[in-house]
> 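Got a structure for you, written out below as structure tokens; questions coming shortly.
Numbered from 1 within each chain, the chains take letters A, B, ... in sequence-line order.
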Amino acid sequence: DTAVSQTPKYLVTQMGNDKSIKCEQNLGHDTMYWYKQDSKKFLKIMFSYNNKELIINETVPNRFSPKSPDKAHLNLHINSLELGDSAVYFCASSQGRTSAYEQYFGPGTRLTVT
Amino acid sequence: AQSVTQLGSHVSVSEGALVLLRCNYSSSVPPYLFWYVQYPNQGLQLLLKYTSAATLVKGINGFEAEFKKSETSFHLTKPSAHMSDAAEYFCAVSVRGNEKLTFGTGTRLTIIP
């Protein structure tokens, strides 16, 4: 069974469109994250939720909106997509909210904006 | 604010040779330190972590790292490289009690047959 899954794996879309990426974890973890990995492999935290509460909200354009319907799911909705949004987006989860806990990553969603 | 610097974006070693990947951190308070590995087209996987117990930390796949406060370093080593070690390696730091991991820019490890 996949611990952290993301859909879709690949997403190709045009500038100006709105898209969503879904993430689910079956580990029973309380905390979930969204990361962005750019073309140079630099990985940066975007958001984190603990038991459906937003606990990390980095400097991210407000076109990005995370939603956590329950603690097993964390979705990312992106409005008005721009070329610079092209990246690999990773979802992760951990047992607790502090960084001492191991984070388990999903396989990533490669977003290409044309 | 905490940060990590990984020296060498690309490292190549021969199969069977020592692997040494360098990581230096900056933190005003005692840090937590991590090494993650990313295989091609996959997510990241934790190799090992330092959270204030023993300074020499052993991880999976034969890797280990030593926390050296005097040098602000947390270098990753493996005595004998295997072809399956070829991947991208990320060092990460956080401040104790903080929720956020800050990653380095990564080091791509290539194994030469």
> Select one option (side chain, backbone, both, neither) describing which atoms of B/Gln42 are under 4.5 Å from chain A's heavy atoms.
backbone
> Using the rule that two of Ile, Leu, Val, Met, Phe, Trp, Tyr join whenever any of their side-chain heavy atoms come within less than 4.5 Å, decide whether A/Val60 and A/Ile21 are in one cluster.
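Yes.
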> Pick out which of A/Tyr35, A/Tyr33, A/Phe42 makes a ring pair (Phe, Tyr, Trp, His ring centres under 6.0 Å) with B/Phe103.
A/Tyr35
> Counting only heavy atoms not in A/Tyr104, do more than 12 fall under 6.0 Å of its OH?
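Result for OH/A/Tyr104: open.
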> Flag yes if A/Met15 and A/Phe64 sit in one hydrophobic cluster, no otherwise; membership is Ile, Leu, Val, Met, Phe, Trp, Tyr, and two members link when side-chain heavy atoms are under 4.5 Å apart.
yes
> Considering only heavy atoms and a distance below 4.5 Å, find which of A/Lys9, A/Lys44, A/Gln6, A/Glu58 pairs most often with chain B.
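Ranked by contacts with chain B, first place is A/Glu58.
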> Among B/Thr51, B/Asn41, B/Leu44, B/Leu46, who wins on heavy-atom pairs under 4.5 Å with chain A?
B/Leu44
> Considering residues, nucleotides and ligands other than B/Glu66, do more than 12 of their heavy atoms fall under 6.0 Å from its CD?
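Yes, enclosed.
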> Within the 4.5 Å heavy-atom criterion, are B/Tyr36 and A/Gln103 side-chain neighbours or not?
yes
> Measure B/Lys49 against the heavy atoms of chain A and call it side chain, backbone, both or neither at under 4.5 Å.
side chain
> Answer with yes or no whether the hydrophobic clustering places A/Val113 together with A/Tyr10; edges join I, L, V, M, F, W, Y residues whose side-chain heavy atoms lie under 4.5 Å apart.
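No; tracing contacts between hydrophobic side chains, which count when under 4.5 Å, never links both residues.
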> Measuring heavy-atom distances to chain B, does A/Lys40 have an atom under 4.5 Å in its side chain, in its backbone, in both, or in neither?
backbone
> Measure the CD1-NZ distance between A/Ile45 and B/Lys100 for me, rounded to the nearest 0.5 Å.
8.5 Å
> Honestly curious: do A/Ile78 and A/Met32 fall in one hydrophobic cluster under the side-chain, below-4.5 Å linking rule?
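Looking at the clustering, A/Met32 is in the same group as A/Ile78.
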> Taking atom NZ of A/Lys41 and atom OG of B/Ser9, what is their separation to the nearest 0.5 Å?
12.5 Å
> Return the minimal non-hydrogen interatomic distance between B/Leu101 and A/Ser99, and the atom names on each side.
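Heavy-atom minimum between the residues: CD2-CB, 4.2 Å.
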> Looking at B/Tyr32 and A/Thr98, would you say the former's side chain and the latter's main chain have a donor-acceptor pair under 3.5 Å?
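No.
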> Please state whether the side chain, the backbone, both or neither of B/Tyr50 comes within less than 4.5 Å of a heavy atom of chain A.
neither
> Take atom NZ in A/Lys71; do more than 12 heavy atoms of anything else shown fall under 6.0 Å from it?
yes
> Would you say A/Ile56 and A/Tyr49 are hydrophobically clustered, going by side-chain heavy atoms of ILVMFWY under 4.5 Å?
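Different clusters.
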